[in-house]
Amino acid sequence: MIGIIDYGMGNLRSVERALEAGGARLKRIVSATDLADTSALVLPGVGAFMQAVNNLKSQGLWDALREEIRGGKPLLGLCLGLQLLFEASEEFGYGQGLGILPGTVRRLPEDVAVPHIGWNQVFPCMADPLFQGIPEGSYFYFLHSYAAQASDFSHVAALCRYGCHAFPAVVRRNSIVAAQFHPEKSQQIGLRFLANFVRSVEKGQE
Amino acid sequence: MISKQLEICALPQEGPTTGSDRMYTIMNTRAAAVWGILDDPKPEPGAVRKQKKGTMLAKRIIPCLDVNRGRVVKGINFLDLADAGDPVACALRYDQEGADELFFLDITASVEFRPVFLELIRAVAEQMFIPFAVGGGVRTLEDIRALLLAGADKVSINTAAVKDPELISQAAERFGSSDITVAIDAKRRPAGGWEVYLYGGRTPCDLDAVEWAVEAARRGAGEILLTSMDRDGTRDGYDLELTRAVSRAVSIPVIASGGCGQLPHLYDALTAGEASAVLAASIFHYQQHTIAEAKSYLAERGVPIRLCPPPDAHGKKTGHD
């Protein structure tokens, strides 16, 4: 069973529906005790970084999540869920992240329109099971003002270009993977991406 | 606006097969990690092939559903409403046809119809795998919250934002700029310029549309939905002058609205009008054109567009053909 972290950061329905369309059996995780019978986790989220951190902490999920990740449980972060995996964010001051990936979340540069809203192309940098059957340069839906700067470029699994810059669209470290875009809002291509995650997780269980 | 001029090279299509392709991928990955400028090597066959396509944000095609008491309607110059169908069915059709986004406007939003509308938003949210925005009668932060909880991805505010611009700032801070669209209904002034109208285009408010757009962006609006009242429902084409004036004045995306009657109008708004997205109702509702037709028309003319997937990838037929 895949657990979706429910910590009050946005509507989870669309993520749930999209994962179910990919064949996932789901449960919502509101406290650490819910984590027990899950084989993988999804950390979605829209909104402010610090609010997300506070909510995770007050629900007792902060340390529990780090524990699960250290134990090797696969996790898929989406949008804010990607940003939370890094060491810190400069959104509204300086907030500490989960620190699973080295790097910092920073506001997109001045010379491009922020927020970055709309459909943009994603280019894989390495062969990743999540991109199986997804053509290079496929459009995904983005909606964000901050993005990650990864200290270790080998964690960048796919990139997106915006203005004259590129930033990580998908990051991966072992079984931890995260997307800056919203696959649940990216129609067939996004559904394919999520279905690939569901399948990769199930494969790992065998 | 920098992105419009930029021609960026691309990674090799079939993965890193040769030594130089591999180097190229590594350099670009390194660049992406720190948001560097992508490396543009000497044009190799693969790179040249893809350079032409461009890699900027796709221009968005957004069908608009004007909803009145739970039905989709379409008026002319904001009046004379005609029935155009069931909102959930329309939404589903557009989602599968390849629309980039949907816009729901509750055009007769009043207290007693609001619950009907929220119920509708929930029903639509259950069907969609693309983003959708909702507007009409949004007055308070609580209204915005209720619509977001019902499943809307963005909420547009119009009259209430003019009455109290602080609402934009508060909403942007609380829900994030990207969730907040400011809708502007503008009408040409005889002496030049455009005036903002309130209450669904009923009341002029002596505010310059371009100045108001700048103010809304400064306060944290994530995008502007710009409707020309002179053109709305006329099918004579968007007000390109208005669209361009606002697009140049703000750095946030501008959605052109009002007047689309044929495919070249979409092209004009996205090129001469410099809009980031186009909103259209009647050309899609009455099946004069499908979204796919509109998209291939634009793509053939070099507009960056997210092309619709081939029908066989759907697994289901979109109907109506």
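Every value quoted in this text rests on a predicted model; they were computed, and no experiment measured them. Here is how names work: the chains are called A, B, and so on, in the same order as the sequence lines, proteins then strands, and each is numbered from 1. These values consider heavy atoms only, across backbone and side chains, with no hydrogens, waters or symmetry-generated copies.
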Participant: For chain A, which of B:Ala277, B:Gly222, B:Pro253 has the most heavy-atom pairs under 4.5 Å?
Facilitator: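 Option with the greatest count: B:Gly222.
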
Participant: Using a cut-off of 6.0 Å, state whether more than 12 heavy atoms not belonging to A:Arg66 lie near its atom CZ.
Facilitator: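 Buried by this count: over 12 neighbours within 6.0 Å.
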
Participant: Kindly check if the number of other-residue, nucleotide or ligand heavy atoms within 6.0 Å of CZ (B:Arg145) is above 12?
Facilitator: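 Result for CZ/B:Arg145: open.
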
Participant: Count the heavy-atom pairs under 4.5 Å between each of A:Ala147, A:Ala21, A:Ala157, A:Ser151 and chain B, then report the option with the highest count.
Facilitator: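 Ranked by contacts with chain B, first place is A:Ala147.
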
Participant: A:Ala127, A:Ser14, A:Ser154, A:Ala148: which one forms the most heavy-atom pairs within less than 4.5 Å of chain B?
Facilitator: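 Going by pairs under 4.5 Å, I would pick A:Ala148.
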
Participant: Using non-hydrogen atoms and a 4.5 Å limit, figure out which bit of B:Leu148 sits close to chain A: side chain, backbone, both or neither.
Facilitator: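 When you check distances to chain A, only backbone atoms of B:Leu148 fall under 4.5 Å.
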
Participant: Measure the shortest side-chain to side-chain distance between B:Leu57 and A:His116 over non-hydrogen atoms and say whether it is less than 4.5 angstrom.
Facilitator: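 The answer is yes, as the side chains (C-beta and beyond) meet within the 4.5 Å cut-off.
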
Participant: From B:Asp153 CG over to A:Glu184 CD, what is the distance, rounded to the nearest 0.5 angstrom?
Facilitator: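 Separation between the atoms: 8.0 Å.
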
Participant: Can a donor-acceptor pair be found, under 3.5 Å and without considering hydrogens, that links the side chain of A:Gln149 to the backbone of B:Trp35?
Facilitator: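 No, A:Gln149 side chain to B:Trp35 backbone: no donor-acceptor pair under 3.5 Å.
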
Participant: Identify which part of A:Pro135 has an atom lying under 4.5 Å from any heavy atom of chain B, answering side chain, backbone, both or neither.
Facilitator: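 Neither part.
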
Participant: Test your reading of the model: is there a side-chain donor-acceptor pair from A:Arg13 to the backbone of B:Ala150, 3.5 Å cut-off?
Facilitator: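 No, A:Arg13 side chain to B:Ala150 backbone: no donor-acceptor pair under 3.5 Å.
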
Participant: Side chain from CB out, backbone as N, CA, C, O: work out which of these in B:Ile305 comes under 4.5 Å of a heavy atom of chain A, or both, or neither.
Facilitator: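 When you check distances to chain A, only backbone atoms of B:Ile305 fall under 4.5 Å.
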
Participant: Where does A:Val114 contact chain B at under 4.5 Å (heavy atoms): side chain, backbone, both or neither?
Facilitator: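 A:Val114 touches chain B through backbone heavy atoms alone.
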
Participant: Could you tell me which portion of A:Ser145 (side chain, backbone, both or neither) has an atom closer than 4.5 angstrom to a non-hydrogen atom of chain B?
Facilitator: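 Interface part for A:Ser145: neither.
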
Participant: With rounding to the nearest 0.5 angstrom, report the CD to CG distance, A:Gln188 to B:Asp95.
Facilitator: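 Answer for the CD-CG pair, A:Gln188 versus B:Asp95, is 8.0 Å.
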
Participant: Does the side chain to side chain contact (heavy atoms under 4.5 Å, CB included) test come out yes or no for A:Lys185 and B:Phe129, once each step is laid out?
Facilitator: CA-CA 5 Å; A:Lys185 292 284 169 187; B:Phe129 290 112; over 6 Å; no

Participant: If you tally heavy-atom pairs under 4.5 Å against chain B, which of A:Leu108, A:Thr104, A:Val171, A:Ile189 wins?
Facilitator: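 The option with the most such pairs is A:Leu108.
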
Participant: When you measure from the side chain of B:Arg306 to the backbone N and O of A:Asn120, does any donor-acceptor pair fall under 3.5 Å?
Facilitator: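 The answer is no, because no donor-acceptor pair under 3.5 Å joins these two groups.
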
Participant: Step by step, would you call A:Ile117 with B:Lys154 a side chain to side chain contact (heavy atoms under 4.5 Å, CB included)?
Facilitator: CA-CA 11 Å; A:Ile117 305 184; B:Lys154 303 180 201 176; 3.5 Å; yes

Participant: Of all the heavy-atom pairs spanning A:Pro168 and B:Ala32, show the shortest one and how long it is.
Facilitator: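 Nearest pair, atom of A:Pro168 first, then B:Ala32: CD-O, 3.2 Å.
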
Participant: Please check this pair: side chain of B:Arg60 against backbone of A:Trp119, looking for a donor-acceptor N/O pair closer than 3.5 Å.
Facilitator: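 Looks like no, no N/O pair under 3.5 Å.
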
Participant: Write down the atom of A:Ala150, the atom of B:Val34, and the distance for their closest heavy-atom approach.
Facilitator: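 Between these two residues, the closest heavy atoms are O-CG1, 4.4 Å.
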
Participant: Given that the side chain runs from C-beta out, which part of A:Phe167 has a heavy atom under 4.5 Å from chain B: side chain, backbone, both or neither?
Facilitator: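 Both parts, heavy atoms under 4.5 Å.
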
Participant: So which part of A:Leu191 gets closer than 4.5 Å to some heavy atom of chain B, the side chain, the backbone, both or neither?
Facilitator: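 For A:Leu191, the contact with chain B is made by the side chain alone.
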
Participant: Quick one: pull up CD in A:Gln187 and CD in B:Glu97 and give me the separation to the nearest 0.5 Å.
Facilitator: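 It comes to 11.0 Å.
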
Participant: Would you give the length of the straight line joining atom CG of A:Asp111 to atom OG of B:Ser251, rounded to the nearest 0.5 angstrom?
Facilitator: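 If I round to the nearest 0.5 Å, the distance is 11.5 Å.
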
Participant: Check the surroundings of atom CD in B:Glu142: do more than 12 heavy atoms from other residues, nucleotides or ligands lie under 6.0 Å from it?
Facilitator: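 Yes, the 6.0 Å shell around CD holds more than 12 heavy atoms from other groups.
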
Participant: Side chains of A:Val156 and B:Arg30: closer than 4.5 Å at any heavy-atom pair?
Facilitator: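 Side chain of A:Val156 against side chain of B:Arg30, heavy atoms only: no contact under 4.5 Å found.
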
Participant: Name the region of A:Arg192, side chain, backbone, both or neither, that has any atom closer than 4.5 Å to a heavy atom of chain B.
Facilitator: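 No part of it gets close to chain B.
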
